[in-house]
Number of protein chains: 2
Amino acid sequence: MPVVPSEALKARKTPRQARSSATMAAIHEATFQVLLSDGIGRLTTTRVAERAGVSVGTMYQYFPHKQALLYAVLDEYLEHVVVAVEEACLRFEGARLAEMSDGLTQAYLDAKLRHMPASLALYAVAAELDTAALVADVVRRVDQCIERLLQSASDAAFDDLGKVTFALRTMLVGTVRAGLENDASPAALAMLRTQLPIMCRAYLATVSRQ
Amino acid sequence: MPVVPSEALKARKTPRQARSSATMAAIHEATFQVLLSDGIGRLTTTRVAERAGVSVGTMYQYFPHKQALLYAVLDEYLEHVVVAVEEACLRFEGARLAEMSDGLTQAYLDAKLRHMPASLALYAVAAELDTAALVADVVRRVDQCIERLLQSASDAAFDDLGKVTFALRTMLVGTVRAGLENDASPAALAMLRTQLPIMCRAYLATVSRQ
DNA sequence: ACCTGAACACCGTTCAAGT
DNA sequence: ACCTGAACACCGTTCAAGT
């Protein structure tokens, strides 16, 4: 359960000097490296500061607390994923329903698999933070472009587009997470690659008109 | 990231005396209460011991570490869910595919919603433990009874039953989690109630013969 | 102006001392 | 035999002292 309200999670104001933002980037990068090499259970502020080559005190000048370190890394990661989804939605605008479903599914899965050890570590990171505001923003952007995509289908229409978008996104995000989180085995990956497109297509075909 | 291997997570050997198991039950119950009232972020060993009316030292006689407290609570919770799924699978054995799909979907969702604040808290608990062994066992039991259920469908058959079972369970578990975790709003619950059965039915209809 | 790291508070865990 | 809680190690965070 998050203890710090999400408004307080962000990094401190960016300092004016160029040297400062280099230090900030070093701390950010060090957080990511420690996360991947040691895991979130062994990620301590001392270790991150050491890896970044600064003292803990300096680190606290740029990030108000440990959660802000993780928040920044999660934020950057989610941005990648959102951009991947947005690009896919633009690419398949106006296509037939089955094609756009497959395009969206593959783009999301690819984005997750491309960053693979990181994707897993970041599910754990998200669980330790109050991600309400961050997730709300991501969901808003993703739902907006998925809704536009579905709206543009050349061979289908929906009675309640908002509900279908919500359901599709929840299924997509949830199923991929469940498939990767507990065992990202070759069998699980193969299942996602083959069955996830079928699920999404089947759902959309069922709830669409024509 | 879990630091303690899952084999070491269990409670210590049950003591011989009756008084002991009462103490153990009190600690177990206290863990659950503190989890729900304070959240996992504020759940400390001191607080649990205090709530249970024992000293920390005594607590450590029954549970080797904090993770074992949480493990016990998670284990009990998952048992409830597994039993609910098993019962539903027995109840719908031999039914038509659409009926068994709806029966399974509703049973799983009901089991999650019945324990509602707890279900949410336990997603967070699971993220803090090495649940590999526990989850593997739950998955084995759930997949076994779902596979038997699908096998018995009176109006459908499957080419790769194992793969379909794996995919259906992943979709079911993942979609419900995603729907509940970030906002268990009335809108999210309504979406799960209406769309989850449609998703599962649509997927199963697509991958079945006849 | 910026950095350092010893010091502080808190939490998980242990173990010498009690009954 | 079982319980207690002060003591220890470790971690997040601060701030007086340095440059």
Side-chain angles (χ1 to χ4, degrees), chain A residues 1-5 8-27 30-31 34-35 38-73 124-125 128-130, chain B residues 1-5 8-27 30-31 34-35 38-73 124-125 128-130:
Chain A
M1 280 305 98
V3 170
V4 178
L9 280 181
K10 298 183 178 128
R12 291 192 195 281
K13 240 195 307 286
T14 312
R16 298 128 224 145
Q17 322 233 357
R19 177 163 48 106
S20 297
S21 54
T23 304
M24 194 151 177
I27 298 169
T31 305
V34 172
L35 180 66
D38 299 19
I40 193 164
R42 292 197 167 89
L43 186 146
T44 66
T45 51
T46 315
R47 234 181 269 242
V48 169
E50 194 180 2
R51 179 78 77 116
V54 299
S55 73
V56 253
T58 298
M59 208 188 70
Y60 273 86
Q61 275 198 315
Y62 295 95
F63 295 87
H65 39 243
K66 183 183 171 180
Q67 305 207 21
L69 297 169
L70 298 171
Y71 189 94
V73 169
V125 167
E128 291 213 349
L129 301 176
D130 178 0
Chain B
M1 280 302 99
V3 170
V4 178
L9 281 181
K10 297 180 178 136
R12 291 193 196 281
K13 241 196 307 287
T14 313
R16 298 127 225 143
Q17 322 233 357
R19 175 164 50 107
S20 299
S21 54
T23 304
M24 193 151 179
I27 297 169
T31 304
V34 172
L35 179 66
D38 299 19
I40 194 166
R42 292 197 168 88
L43 187 146
T44 67
T45 52
T46 314
R47 236 182 269 243
V48 170
E50 194 180 1
R51 179 79 77 114
V54 300
S55 72
V56 252
T58 298
M59 209 188 69
Y60 274 86
Q61 275 198 313
Y62 297 95
F63 296 86
H65 39 244
K66 183 184 170 180
Q67 307 207 21
L69 296 169
L70 297 170
Y71 188 95
V73 169
V125 167
E128 291 213 350
L129 300 176
D130 178 0

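Chain naming here is simple, since letters A, B, ... match the order of the sequence lines and numbering starts at 1 in each.
With contacts defined as side-chain heavy-atom distances shorter than 4.5 Å, the pair B:Val54/B:Thr23 qualifies.
Contact between A:Ala30 and A:Val48 at its shortest, heavy atoms only, is CB-O, 3.6 Å. Nearest heavy-atom pair, A:Gln67 versus A:Glu128, reported as atom, atom and distance to 0.1 Å: OE1-O, 4.0 Å.
Between A:Glu50 atom CD and D:dG12 atom P the separation is 13 Å, expressed in whole Å. Between the C1' atom of C:dC2 and the OH atom of A:Tyr62 lies a distance of 8 Å, rounded to the nearest Å. One atom, CE of A:Met24, and another, C1' of C:dC3, lie 17 Å apart when rounded to the nearest Å. The distance from atom NE2 of B:His65 to atom C1' of C:dC11 is 16 Å, rounded to the nearest whole Å. A straight line from CG of A:Leu43 to P of D:dC11 spans 11 Å, rounded to a whole angstrom. Put simply, CE on A:Met59 is 9 Å from C1' on D:dT13, counting in whole angstrom units. For the pair B:Leu69 CG and C:dC11 P, the computed distance is 15 Å after rounding to whole Å.
One finds the CG atom of A:Leu43 at 8.5 Å from the OG1 atom of A:Thr45 (value rounded to the nearest 0.5 Å). Separation of atoms OH (B:Tyr60) and OG (B:Ser55) is listed at 11.5 Å; rounding is to 0.5 Å. The distance from atom CE of B:Met59 to atom NZ of B:Lys66, rounded to the nearest 0.5 Å, is 9.5 Å. Of the inter-residue distances, the one linking A:Asp130 atom CG with A:Tyr71 atom OH reads 8.5 Å to the nearest 0.5 angstrom. Between the CZ atom of B:Phe63 and the CG atom of B:Leu70 there is a distance of 10.0 Å, given to the nearest 0.5 Å. For the atom pair CD1 (A:Ile27) and OG1 (A:Thr31), the distance works out to 7.5 Å, reported to the nearest 0.5 Å.
Under 4.0 angstrom from either OP1 or OP2 of C:dT13 there lies at least one side-chain N or O belonging to B:Tyr60. Phosphate contact (OP1/OP2 of C:dT4, side-chain N/O of A:Thr58, threshold under 4.0 Å): present. Contact between the side-chain N/O atoms of A:Gln61 and the OP1/OP2 oxygens of C:dC2 is not found at any separation under 4.0 Å.
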Could you go through B:Val125 and B:Leu35, starting from their C-alpha distance and side-chain angles, then the distance that decides it, and tell me whether this counts as side-chain contact (heavy atoms from CB on, under 4.5 Å)? CA-CA 9 Å; B:Val125 167; B:Leu35 179 66; 3.7 Å; yes
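Among the nucleotides D:dT13, C:dT13, D:dC3, the one closest to the side chain of B:Ser55 is D:dC3. The side chain of A:Val54 has C:dT4 as its nearest neighbour among C:dT4, C:dT13, D:dG12. Comparing atom distances between the B:Thr23 side chain and each of C:dT13, D:dC3, D:dT13 picks out D:dC3 as nearest.
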Give me the distances for all protein-to-nucleotides 6-10 of chain C N/O pairs that come in under 3.5 Å?
none

I'd like a table of atom pairs between the protein and nucleotides 17-19 of chain D - only N or O on both sides, under 3.5 Å - with the distance next to each one.
none

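Partners of A:Thr44 under the side chain to side chain contact (heavy atoms under 4.5 Å, CB included) rule, at least two apart in sequence or in another chain, are A:Thr46, A:Arg47.
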Dot-bracket for DNA chain D, please, read 5' to 3', with Watson-Crick or G-U wobble pairs under 3.5 Å on both distances, ( ) within the strand, [ ] crossing, | other strand, . unpaired. ||.|||||...|||||.||
